[in-house]
Every structure is written in structure tokens, then in C-alpha cells.
Undergrad: 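One structure coming up, written as C-alpha cells, with questions to follow.
Numbers restart at 1 for each chain; the letters A, B, ... are given by sequence-line order, proteins then strands.
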Amino acid sequence: MSRQPDSDPPDRDGQGFNTFRRRFLAGVATAGGAVVTAHATGAWGGQTLQDAMGSLLQDHYQRMTKDEIHAALERIERNARRRYGVDARCEDLPPLPNTVFGYALNISKCKGYRDCVEACVKENNLGRDSQMQYIRVLQMPDGTMDLEKAEHYYDAKQVPVPGHWYLPVQCMQCDNPPCVKACPTKATWKEPDGIVVVDYDWCIGCRYCMTACPYWARHFNWTEPQIPAAEFNPNLNYLGNRPRPKGVVEKCHFCSQRARKGRQPACQEACPTGARVFGNLLDPKSEIRWVLENKNVFRLKEDLGTEPKFWYFSDDRVSRA
Amino acid sequence: MNLVRFGLDGLRAMASGGAAYWRWLGALAAVVAAGLFAYAGQLQQGMVVTGMSDQVSWGFYIANFAFLVGIAAAAVLLVIPAYLFHRGDVKQVVIFGEALAVAAVVAAMLFVTVDIGRPERIWHMLPVVGRFNWPLSMLAWDVVVLVGYLLLNLGLPAYVLHARWRGEEPVTARYFPVVIVAIFWAVSIHTVTAFLFSANAGRPLWHSALLAPRFIASAFASGPALIIVALLALRRWGGLAVKQTVIDLLAVVMTVALQISLFFVGVELFTDFYNETTHAASMRYLFFGLAGAGKLQPWIWTALALNVVAVVILSIHPLRRTPRLLVLACGLVFLGIWIEKGMGLVVPGYIPTPLGEIFEYAPTWREWLVSAGIWACGALVFTLLAKAALAIETGRARARPAADLKAS
């Protein structure tokens, strides 16, 4: 269920504060536990006082002990039950060894049906009222790559529109991500498997990462996300699709709750045309490696030096050297 | 004990004043209260109550922030002649420039705070306890330079005032090194704030090496505008002896800075429009509108008009030396730069988005009210600091000799 942080060794300098925090939380637990009952939760944003204090004083993910992560996971499960009446299971899935995820998308197959968008919204428990979407499919006039000529709000029932091609854009999981550099609190970072994640309990909501992202791949919870209980996906990953609070930034994480279990992302599974290829870049026998080695591929805004791990390719006019 | 009495004397000065003084404080407090009310609603409902969106993710708050950092930086225009060139006339009023810097930094920090989605987690930015992403994040740099600048502008005047309060002259050797640091620091706060924007390769409007020079030039125009008005107000209502030479010096600096600032605007317009590329889209949106959208046009054309009228008044010596026209020009510059650096720079940086979408932004009434509250808070801080400084400068507040203390 839990794992030791592996990218950064835990900081030792925060020890005094950590001791204070743990004692304080233990105090709240014993003093408040008996008093606070289920119907008294309204005042604490739908949580018990103990849970509210727990997430308020929670440490950065990479500095938490196994016990603290365990407590945080249970908190998430309790809140899911309280809010949605769902028995959710939240895991803390570690990155797979010898794995760096990459994505490739065949633009000659994509017809703009947007099934990927819908699957993503459901899989990742995205706010429905806010209409947050990690994937944006652009309808582009033939013969141009100019994003300013793109149509963002086309009718998916009318596709494919003659004279147009479709360009789905989502988080590129950059190798040199400007968003990670921008964050003032290290609330977002690149995992060993190449996925750029967010610690939703550490993000202060300054939105500088959104400003820094050249792919418009980061999104902010301007209000409390609303998810229909019936559509709630109960298979959760801590740094992935667990419910997010208002006031924090979130983003596509290649469906880490699936990918780290050897499954395909929801958008890949949902695509009706088979335009999407997802896999391990370090595996020479993977399909994505075959695409990268045998197709003419390009990346979006490569000139910005962000090194996206998301490639586009086309079936047409393959040139062989 | 000595320092406590010094502080108490300062507080006593702040709490004593005529009816007009209390009316002024009361009016400011009322605006602050209205701002707090508006902010409470934002905390409760989330930032959805602002006009911001995923497309335009920074708006009116950060626009005000960027402008106020410039105001704070401009205090250096009094510090340099006072402490470096030993201009006696400027030295008399330099403390009020520093008080203005403190007020501006406090207001700037408040603007960042209200722009944060999770203000209760702001401790995550503290070193050790939190995880401060320094030196990588430009926002982290901004925190460092602003906090440092605040401390410098509190410490330096406190030392000078404390010496005066004790009836001594401040020792140059003690404060001079701090002055040198403060001068470089002032330039750094606005440079770092410019870098906050120009660091974003994905935002073509900001991604320009000219941005920091533009920030400094416009700050050295808008800053003196506010300082002149503040000093004139203190001369009229506070009984502060401000020599006309100080006003003249600031007016000349403001004139030259505004000329340079407008030159920079022209340079950018030429580069963007002579051979117009897609990189000029934000600029086209700002000035002429793009694909039927153009909410910012009235803002930027107003700013340009204000600045051009101001530069004409300021550049013609007889006009600039006419007190009423100078005050008018100060108002025009202040407002013109406020728009240019705020709504004319922060917001169009987001339009179109990196994916080419045009999504417009306008501040909501709540953003206006919260912002008014913060400006009033800044004015409150300045008034109180200036009140205490006035009492000490004019000798009304003085350390009592030891003999007096024993007798009482």
C-alpha cells in the first residue's frame, strides 16, 4: 500500500516541526475524537475535525513516513465514503522499475470523436460542473499547424469535418517540465517513470505552474469539484485520480492508477480508431518504441526545450532514409 | 527597555491626531472592512467568484501586485540622493519614501495572498518547515526579495529614527552598508518580478529581455508620481517641511523615466508589428482586438493617452513647474502605468492561450472590492508610519533623559 519516497531522500532539517506536528495531531485525535460525531462534520468541510486538521498539517508527500501515508490514504477513503457513499480504495502506487512512460498519437487516425475526453473525465473523477478536462482535442484546418486557427468547441457529433484534422493535446509529461521549475513549494515533480505528479495536499493554488505550461495542460479547481456519486471511480491512486479539493491545481498523469498496474490509460482504451499508442519507452520490444523508430514523429512546441514524452505521427508519406 | 519605549512613543504618535486624521483613518478602515467582506466570500465559495479561469489564470490581483512592487522599488529614488549624494533636502524626507516602500510591499504581499487558492497552506513556502523551491522557482525568488526589502525598509528608518528620538545623529558608518544593499535590492525586487513573467517561454508577450528594463523604467515614473503626491500631502496636512528642490528632483526623474518607458513601448510595438508573426497575437489582441474579441482595448488606449498627455506636461519645463499641472501629471502617470503594467501586461499575456484559444477576462465586483481594501490597507500602513515618523522628526516624540524618568 505504501512506499518509501525514492526520488528525494527525506529532508532531515524539518524534524523539530515534524515532531510537533505529530504530537499536535495525536492531541486532536484524543481530545476531539470522542466529541466529534458524524453530524458535526459540516463545519469542517464535510470532514471530522480530526481529518480536517490532519490534512491541514499534513507534510509533503516525499517527506511522509509510511504511517503518515497510511493515515492519509485512510482519510481519503473515509471522506469518499462520507461524501459519495462509495467504498473507495486508495493506494499509493510506486513507479514501476525500469519504466518510463511515453505516448504516441496517430493524427491520421484521430477523427475528433472525443471519446478519450469523456473516458478521462470519468476515470479520473474530474469535476463535472466545472467541466474540467485534461485532454483538449483541437479541430485544425487542413494545411496548418497554427494553433491559433484551431477550433476548440466543435460538435463531436459532426466529425470528421471535411478539410480538417484533429490534434488532441494533454499533459506531455515533459522531461524538462517548466511547471515543476515554477512551483514555489515543490508541490509538483517528475516521478522516476516520467510522470509529472501533484501533491494535492501541498499545492497552495498560486497557479504559477499553469502560467508556465506551454501546453495549457494544468487546471485549477476554481470551486469544489462535483462528481456524481454513481459515476465515482473508486479505484484511486494517491498522486493520481483521488478526489481533489477546491483551490488546487491538477493535471493528466497518464492514468497512473492504471499505468502503474500494467494497464493502458483510459483515453487509450476509449479511442475508437486506435490512434493512441502508450507504453514503456525503455522496453525495446514495446509498440511505442516501434512507432518512434519506424514512423515520422514530431512533438508539439519542441523548440521550447521542454522535451515532451508525447509524440504525434502520421500513416501518410512515411519517408525512409 | 529603550527600544520598547521607542516603540510605545511611536504607537502613541499614531494614536493621537485631530478630527480630520481620525476621519481619514476611519474612511480607510471602512474600505478595508468592505474588502475583508468581499474576501470572506471568495474564501467560502472558492476563486470561482473572480473573473479568472484556466485560460486567464492570473488577473486583477497579480496586475496590482506587479504595479505595487514597482512603487516599492521607486523609494530608492530618494534613498540614492539622500544617503549616496548627501543631499540635505532629500535626507529630510527620505524616511517617508521608505515608509511608502513598506506600505507598497505590504500591499503587494496581500495581493499575492488573496490570489492564492489555499492561503492556509502558505506556510508550505517557508524554508525548513515547508519546502521552498529556491533557487529554481522565480516565485520563490520574489518571496525572498520582497521579504528582504520589507526588512531593509523597516530596519533602516527604524535605526535613523531611533537615533533622532534619542537626540543623536545616526552614525553613517553603521547604516551606510545597509543603504548600499538597499539600493541594489530595490532594483532587484522589480527585476525579479519582471523575470516572474519573462521566464515563461510559452507566453510570447512576456518572453522578452526588454521586460525587466520596461518594469524599472515604468516604476521610476509611477513611483515618484506617488511620492510627490504623498510628500505634498504631508507638507499640507502633516506640517512636514518639504523643500521644493526635492519635488523638482523627483519631477525630473519622473519625466525622464516616463520618456524612456514610452520609448520602450514603441520599441516593442515596432518589433511586433513591422513583421507580424503569430508571436504578436497577444499584442494585436491588446491594441486592436483579435477574432472579434477586444475587451482590453479601452484599457490600453486609455493608458497610452494618459501617459502621452503626462509626458507632454512633464517635458515642457514651465508646465512641469506649475504645481497644479505637476499634480495632475502625477495622477495621469500613476493611473497610466497602473493600467499599462497591470491589465495591459498581465492579462494579455494569457490571450490567446498556448493552445490558441481566445478567452477574455474582466475583473468582477469582488475583485475590485478586495483590491480596494488592500489599497486602503496600504494607505493605512503609510499613514500610521508617517505619523510616527513625523512626531519624531519634528521633535514632538523624544526619549526623556534619565533624570526625568527617575522623577516621574
Side-chain angles (χ1 to χ4, degrees), chain A residues 8 11 13-14 16-18 21 56 59-60 62-63 130 132 136 138 146-150 152-153 167 169 178 180-187 201-224 245-249 300-301 303-306, chain B residues 43 45-50 52-58 62 112-113 115-134 136-143 196-197 199-204 206-207 278 281 290-291 346 349-350 352-359:
Chain A
D8 261 10
D11 301 355
D13 42 6
F17 175 72
N18 276 339
R21 201 188 58 246
L56 177 66
D59 205 345
H60 188 285
Q62 289 173 322
R63 286 204 302 213
S130 59
M132 188 189 286
R136 190 153 274 226
L138 308 181
D146 184 357
L147 293 169
E148 273 154 37
K149 301 208 168 78
H152 289 244
Y153 303 99
L167 179 72
V169 183
V180 168
K181 250 199 267 185
C183 177
T185 62
K186 299 190 194 172
D201 289 309
W202 197 256
C203 169
I204 60 170
C206 71
R207 310 186 300 291
Y208 192 30
C209 57
M210 297 169 70
T211 302
C213 175
Y215 303 101
W216 202 71
R218 286 179 163 265
H219 306 276
F220 184 71
N221 287 287
W222 298 93
T223 182
E224 195 76 44
K246 78 171 175 209
V248 303
V249 167
L300 221 49
K301 305 196 185 194
D303 50 316
L304 297 181
T306 51
Chain B
L43 277 182
Q45 298 172 51
M47 297 189 75
V48 67
V49 299
T50 71
M52 291 183 272
S53 57
D54 278 0
Q55 286 86 352
V56 183
S57 57
W58 279 350
I62 295 299
V112 177
T113 310
D115 192 61
I116 280 177
R118 284 277 168 174
E120 81 277 14
R121 295 184 186 169
I122 210 154
W123 61 273
H124 292 181
M125 273 213 253
L126 298 176
V128 184
V129 175
R131 285 188 96 202
F132 198 46
N133 193 13
W134 191 85
L136 266 189
S137 171
M138 276 298 125
L139 206 52
W141 273 90
D142 224 7
V143 172
L196 193 70
F197 296 98
N200 300 295
R203 308 277 174 185
W206 303 337
H207 195 230
T278 50
L290 200 61
V346 175
Y350 290 99
T353 69
L355 294 187
E357 187 185 351
I358 295 166
F359 195 92

Undergrad: Sequence neighbours left out, what pairs pass salt bridge (Lys or Arg N to Asp or Glu O under 4.0 Å) with at least one residue falling in residues 208-218 of chain A?
TA: none
Undergrad: Do you know the tightest heavy-atom contact between A/Phe220 and B/Gly117?
TA: CZ-CA, 3.9 Å
Undergrad: With only heavy atoms counted, which part of B/Asn200 is less than 4.5 Å from chain A, the side chain, the backbone, both or neither?
TA: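 Looking at B/Asn200, just its side chain touches chain A.
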Undergrad: Judged by atom type as modelled, is there a donor-acceptor pair below 3.5 Å linking the side chain of B/Arg118 to the main-chain atoms of A/Val248?
TA: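 No; judged by distance alone, with no hydrogens or angles, the pair does not exist.
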Undergrad: Please classify the contact between B/Gln45 and chain A as side chain, backbone, both or neither, with a heavy-atom cut-off of under 4.5 Å.
TA: backbone
Undergrad: To the nearest 0.5 Å, what is the distance between CZ on B/Arg131 and CZ on A/Arg63?
TA: 6.0 Å
Undergrad: Tell me, for A/Val180 versus chain B, whether the close heavy atoms (under 4.5 Å) come from the side chain, the backbone, both or neither.
TA: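 Contact with chain B: backbone only.
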Undergrad: From A/Lys246 NZ over to B/Leu43 CG, what is the distance, rounded to the nearest 0.5 angstrom?
TA: 7.5 Å
Undergrad: Go through the steps to decide whether B/Trp206 and A/Thr211 satisfy the test side-chain contact (heavy atoms from CB on, under 4.5 Å), and finish with yes or no.
TA: CA-CA 11 Å; B/Trp206 303 337; A/Thr211 302; 3.4 Å; yes
Undergrad: Give the member of B/Gly356, B/Ser137, B/Ser53 that has the highest number of heavy-atom pairs under 4.5 Å with chain A.
TA: B/Ser137
Undergrad: Please flag which part of A/Leu56 lies under 4.5 Å from any non-hydrogen atom of chain B: side chain, backbone, both or neither.
TA: both
Undergrad: Measure the OH-CE distance between A/Tyr208 and B/Met138 for me, rounded to the nearest 0.5 Å.
TA: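 So the OH of A/Tyr208 and the CE of B/Met138 are separated by 7.0 Å.
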Undergrad: For residues B/Leu355 and A/Leu138, report the shortest heavy-atom separation together with the two atoms involved.
TA: O-CD1, 4.2 Å
Undergrad: Under the ring pair (Phe, Tyr, Trp, His ring centres under 6.0 Å) test, which residues partner A/Trp202, sequence neighbours left out?
TA: A/His60, B/Trp123, B/His124
Undergrad: Which one wins on heavy-atom pair count under 4.5 Å against chain B: A/His219, A/Lys149, A/Arg207, A/Glu148?
TA: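 Ranked by contacts with chain B, first place is A/Arg207.
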Undergrad: Given the options B/Gly46, B/Ser57, B/Ala140, which has more heavy-atom pairs under 4.5 Å with chain A than any of the others?
TA: B/Ser57
Undergrad: Do B/Leu136 and A/Lys186 come within less than 4.5 Å of each other through their side chains, counting heavy atoms only?
TA: no
Undergrad: Taking every non-hydrogen pair under 4.5 Å, which of A/Cys183, A/Ala212, A/Pro178 racks up the most with chain B?
TA: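 Ranked by contacts with chain B, first place is A/Cys183.
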Undergrad: Side chain, backbone, both or neither: which part of A/Ile204 has a heavy atom under 4.5 Å from chain B?
TA: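 Both the backbone and the side chain of A/Ile204 come within 4.5 Å of chain B.
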Undergrad: Counting C-beta onward and ignoring hydrogens, is there a side-chain heavy-atom pair between B/Gln55 and A/Trp216 closer than 4.5 Å?
TA: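 Yes. Closest side-chain heavy atoms under 4.5 Å.
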Undergrad: Locate the shortest heavy-atom distance separating B/Met125 from A/Pro184; write the atom from each residue and the value.
TA: SD-CB, 4.0 Å
Undergrad: Most heavy-atom pairs under 4.5 angstrom with chain B, which of A/Gly305, A/Gly247, A/Ala150, A/Pro245?
TA: A/Gly247
Undergrad: Between A/Trp222 and B/Asp54, is there a side-chain donor-acceptor contact under 3.5 Å, judged purely by atom types and distance?
TA: yes
Undergrad: Answer with side chain, backbone, both or neither: which region of A/Asp146 has an atom nearer than 4.5 Å to a non-hydrogen atom of chain B?
TA: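 Answer is side chain: those atoms of A/Asp146 sit under 4.5 Å from chain B.
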Undergrad: Non-hydrogen atoms of chain A under 4.5 Å away: do they reach the side chain of B/Leu196, the backbone, both or neither?
TA: both
Undergrad: Could you look at B/Ala199 and say if it's the side chain, the backbone, both or neither that has a heavy atom under 4.5 Å from chain A?
TA: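 Looking at B/Ala199, just its side chain touches chain A.
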Undergrad: Among the options A/Thr223, A/Leu300, A/Asn221, pick out the one with the most heavy-atom pairs lying under 4.5 Å from chain B.
TA: A/Thr223
Undergrad: So for B/Thr353, is it side chain, backbone, both, or neither that comes closer than 4.5 Å to the heavy atoms of chain A?
TA: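 Only the side chain of B/Thr353 comes within 4.5 Å of chain A.
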Undergrad: Is it true that a side-chain atom of A/Lys301 and a backbone atom of B/Pro354 form a donor plus acceptor pair closer than 3.5 Å?
TA: yes
Undergrad: Using every non-hydrogen atom in the two residues, find where B/Trp58 and A/Cys206 come nearest and quote the distance to one decimal.
TA: NE1-O, 2.8 Å
